[in-house]
Amino acid sequence: MAEHRYDPKEIEPRWQRVWEQERTWEVDNELGAGETSYVLEMLPYPSGEPHIGHLKVYSVGDAVAHYHRRTGRRVLHPMGYDAFGLNAENHAIKTGQHPRDSTNAAIAAFQQQFREWGISIDWSREFATCDPEYYRWTQWIFLQLFEHGLAYRKDAVVNWCPQDATVLANEQVIDGRCERCGHEVEARQLEQWFFRITAYADRLLDDLDTIEWPEHVKTMQRNWIGRSTGAQVTFRCAELELDYAVFTTRPDTLFGATFFVMAPEHPDLERLTAGTGQESAVREYVNRALTESNETRGAADKPKTGVFLGRHVVNPVNGEAMPMYVADYVLMEYGTGAIMAVPGHDERDYAFAKAYDLPIRRVVEGTDPDGDEGGLPYTGDGPLVNSNPDFDGAHNRKALEEIVAWLAQEGKGSASTNYRLRDWLLSRQRYWGCPIPIVHCPACGTVPVPLDELPVMLPDVEDYAPKGRSPLAAAEDWVATACPRCDGPARRETDTMDTFVDSSWYFLRYTDPHNDQAPWDPAILARWAPVDQYIGGVEHAILHLLYARFFVKALADLGHLDVQEPFAKLFTQGMITKDGAKMSKTRGNVVSPQEIISRYGADTARTYILFIGPPDKDADWSDTGINGVADFLSKLWRLAAAAAEGPGSGAGMPKAPEGPGLDLVRAANVAVENVTSAMTGRFAFNAAIARVMELVNACSKEFNENGNRDPQALRYALGTAASLVFGFAPHVASDAYHLLTGKRVWEEPWPAADPRFLELPTFELVVQVNGKLRDRVPVARDASPEELKAIAHDAPHAKAQIDGREVVKEIVVPGKLVNIVVR
RNA sequence: GCCCGGGUAGCCCAAUUGGUCGAGGCAGUGGCCUUAAAAGCCAUGGUCCUGAAAGGACGUACGGGUUCGAGUCCCGUCCCGGGUACCA
């Protein structure tokens, strides 16, 4: 065997050339019969070079794609690039290089890596979201949404990142900071473009029940949408004859409302305080609150502060006058920017009431009336008290409905649902993005660019630097245009779209990527959509995954497609860490895929990444651990090469295996069985690889120690191992299989286990006494329970335990064990 | 605080429905081959009962429970990771 040396540097490019030249992984859109499968990994954002996380997603996705192909499905497995965005633009600002050039360089690096990794991609469908032929349709979709009122422009308080000099969507603000650069965001009043995602809140929430996604991702989306049901209740400020509505989830506690609080941003504060003597105190408080950072203001454990407005509102259920306050714990963005405060049954209101010595009233009886203040604040359920004779004694949940009905009847309120979800702010004051296809005309207003004039090309500019307005505004030739409606002088919209718009529909375009009449042909799309298996990182749990769902629903409503959800199944892969920490340049713990591949080959790198642990969990990279996988693949290849030169032919199962040959045939079939179940259930690739390692170890032992007593059985076992490992290590598996059989393993169906070889004629009977293992005895598989009992009693160590004691009970599990209970 | 994960050997991790805990790999130790090294191969691998063997006791974060039998189910606690939080 010494002359056989596993050389991935020779093997891998050789097979990559075959796949490339024969376009092995391309699929056409012929609408014939046959099961299809759409396997997709989240599209990469190309900057610099791919990192180890990319290697992981595509290793997982490729294993799935190959498995689907070999179980008889036509698999769509495309690739593209999320190519607009700030990285390229910031790079341009620094170097003066056009973002298109740096993006193209990064894309080239990604393409080359994906080829070196041997990922089975249909390259005929490749595109980048910055291609005009692609963003033409992004603009087309924008206009569809615009025509139907789902894209609109409004003046609003928005999140502004001073560092990136652009506005951000709510989803891009994490803990009050810019998701990209980490700079604290500010509130600014600006006119911006929005998508009306809130119109889909209920469907986005309810349809989560129809898709197979990890529960925690669904939970995150549910929380983000944040639907809560309750009532709008109107409170009147009698002094000024002004009405204020509040949203509450607890109208049952209305009788316990003892004061009223408004957000510092509330537009009516000046008006309310005028003439009360509280003007300056309120103004001062408001100024302080508004200049405070989101982070400090938002802290939950911050002591409650506020200022009396000098006015009162009337509680509609009992006519009581309630003092009005301004306090920063009330948010303008949620509900109506004002609340009724029920200190007896809300922790925040309670804290405020304590701080300002306001009355606290119990209106719901607690199940546990102990504790100070009688257990207030009490947020649980129970019968109402101190309310009014109509409701006292009724259970609060029941009373809630009755109170809402009563309010509605009196015209003082109504049932209401509130959402945390805000409309998606899509405009960005940046250069490297998809232009918004709108023209502003002094005569006609906001006018859409006609469809036949798309794409609105992104112009070249000299200066990309962000200035608080889009760099596009400087391209005067481009901005100045004629109004499509009246032909008068008009100006183009200069904001570009959030890159999340680009990635909200790319998976639709893959189905029909060269269509120049439409973004896709609905009949072709119907053949592939939805994506059967989507794979990516959890970090997109709300951003990308929510936006894509919204797009699909909106486009379905507009008649452009026929599915309600983009991704039927979702798999979120875990992060790869090094030394227990996230890889980063500053930490100096980055593992470069290129280095690993040039040292070990792509097969070893891919297989190790899958072997390191369950793919949905985080895993720590080990520089030594990878050796084990390298040895395994090397052993497989060397054995296959040696076996191929030896006696026998092909990799067929021997006719009537016996003795050592039978053992190998059995081992191979057990491996097939185990690997198949690891592939079909969760993606237990780590366990699957371990099973193939066992098989190869068995082959190695037979070959090296026992002199290859049944060469055909060895060929069969090694061929099976190569076949099973193909989805993880495609090059070495192809080569080993080809050496043995002259055939291409990817053209072979997924191996099926032969049940005849899965069960041995004997098994090891486990003998327990009082549940403790005492003996293991080989027994014929067809032994009767009576025989098993007898054998158990005779087993030496069991016997020693039983002797002299009373047998109380005997449990027999056929094919497994006997447990003798003694006293 | 709340909602999800997770805690098995020095390390990463396996273990259908409750039925032999420790598969597979890393690191370690011993050995074979070799002039030597590399490569390759084999063996070993929780703790305790004075060393080894045999045998036994204990052992899946901790404390209880259910069961003939618990890593797995139930109750309580601790630790680690993630998400989320003045959302009325």
Side-chain angles (χ1 to χ4, degrees), chain A residues 1-2 5-6 174-175 214-220 222-224 226-228 230 246-250 253 261 297-302 304 327-331 333-342 345-349 351-352 418-421 538-539 541-542 574-575 580 608 611-614 616-629 631-632 634-635 638 674 677-678 681 684 686-694 697 700-701 703-705 764-776 797 800 808-813 815-822:
Chain A
M1 217 165 123
R5 207 185 177 89
Y6 168 54
I174 314 289
D175 293 334
E215 215 36 61
H216 67 277
V217 176
K218 291 191 188 183
T219 305
M220 280 190 234
R222 284 192 189 105
N223 290 342
W224 185 261
R227 177 165 69 193
S228 42
V246 300
F247 172 75
T248 176
T249 55
R250 295 295 304 277
T253 62
V261 191
R297 182 179 159 187
D301 49 2
K302 195 190 143 190
K304 296 282 174 284
D328 64 2
Y329 78 94
V330 173
L331 308 176
E333 311 90 82
Y334 188 81
T336 61
I339 63 157
M340 66 177 208
V342 184
H345 302 281
D346 180 281
E347 284 169 22
R348 297 152 300 175
D349 298 343
F352 191 86
N418 221 324
Y419 301 88
R420 208 182 92 111
L421 183 69
V538 241
E539 63 273 20
I542 23 197
M575 217 189 357
Y608 175 62
F611 180 67
I612 196 169
D616 55 327
K617 298 266 150 54
D618 290 351
D620 202 57
W621 180 274
S622 153
D623 288 327
T624 49
I626 193 170
N627 290 322
V629 170
D631 288 348
F632 156 64
S634 164
K635 200 188 287 184
R638 282 182 288 108
N674 286 328
S677 74
N686 54 330
I689 293 162
R691 295 290 87 77
V692 184
M693 284 177 169
E694 281 179 292
N697 287 345
S700 165
K701 197 158 203 159
F703 185 86
N704 290 308
E705 273 188 81
E764 263 198 352
L765 178 72
V766 169
V767 182
Q768 296 179 340
V769 177
N770 288 349
K772 286 209 167 78
L773 174 74
R774 294 299 172 186
D775 284 283
R776 296 169 195 184
H797 300 115
V808 184
K809 202 171 176 181
E810 289 167 309
I811 284 112
V812 180
V813 183
K816 279 242 164 72
L817 61 78
V818 174
N819 185 14
I820 301 164
V821 185
V822 298

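Naming: A, B, ... by sequence-line order, numbering from 1 per chain.
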Give every pair of a protein N or O atom and an N or O atom of nucleotides 64-73 of chain B that lie under 3.5 Å apart, one pair per line with the distance.
residue, atom, partner, partner atom, Å
B/C68, OP1, A/Lys809, NZ, 3.2
B/C68, O2', A/Asn819, ND2, 3.2
B/C68, O2, A/Asn819, ND2, 2.5

Distances for protein N or O near nucleotides 12-17 of chain B N or O, under 3.5 Å:
residue, atom, partner, partner atom, Å
B/C12, O2', A/Ile612, O, 2.9
B/C13, O3', A/Asn686, ND2, 3.4
B/A14, OP1, A/Asn686, ND2, 3.3

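Nucleic acid contact class of A/Asn697 (heavy atoms, under 4.0 Å, all strands): sugar-phosphate only. When heavy atoms are screened at a 4.0 angstrom cut-off, A/Val692 is found touching no nucleic acid atom at all. Residue contacts for A/Asn418: at a heavy-atom cut-off of 4.0 Å it reaches no nucleic acid atom on any strand shown. At a threshold of 4.0 angstrom between heavy atoms, the contacts of A/Arg774 are confined to the sugar-phosphate backbone, with no base atom among them. Residue contacts for A/Glu333: at a heavy-atom cut-off of 4.0 Å it reaches no nucleic acid atom on any strand shown. Among the heavy atoms of the strands lying under 4.0 Å from A/Gly625 are primed sugar atoms or P, OP1, OP2 only; no base atom is included.
The nearest heavy atom of RNA chain B to A/Lys701 and to A/Thr624 marks one nucleotide each, and the one closer to the 5' end goes with A/Thr624.
Residues satisfying the side chain to side chain contact (heavy atoms under 4.5 Å, CB included) test with A/Ala619, not counting sequence neighbours, are A/Ile612.
Which of B/G24, B/G83, B/C26 sits closest to the side chain of A/Met220 comes down to B/G83. Comparing B/A88, B/C86, B/G19 by their nearest atom to the side chain of A/Thr248 picks out B/A88. Distances from the side chain of A/Ser228 to the nucleotides B/G40, B/G56, B/A88 place B/A88 closest. You'll find that the side chain of A/Met693 is closest to B/G25, out of B/G25, B/G19, B/U20.
B/G5 is paired with B/C80 under the Watson-Crick or G-U wobble criterion, all donor-acceptor distances under 3.5 Å.
Listed pair A/Arg420 / B/U84 fails the phosphate criterion, with no side-chain N or O lying under 4.0 Å from OP1 or OP2. Between A/Thr219 and B/G83, a side-chain N or O to OP1/OP2 separation shorter than 4.0 Å is absent.
Taking atom P on both nucleotides, B/U72 is separated from B/U17 by 14 Å, rounded to a whole Å. Atom P of B/A53 sits at a distance of 13 Å from the matching atom of B/C48, rounded to the whole Å.
A salt bridge is absent between A/Glu764 and A/Lys816: the closest approach of a Lys/Arg side-chain nitrogen to an acidic carboxylate oxygen does not fall below 4.0 angstrom.
No hydrogens or angles were tested; on distance alone, a donor-acceptor pair under 3.5 Å links the side chain of A/Lys304 to the base of B/C86.
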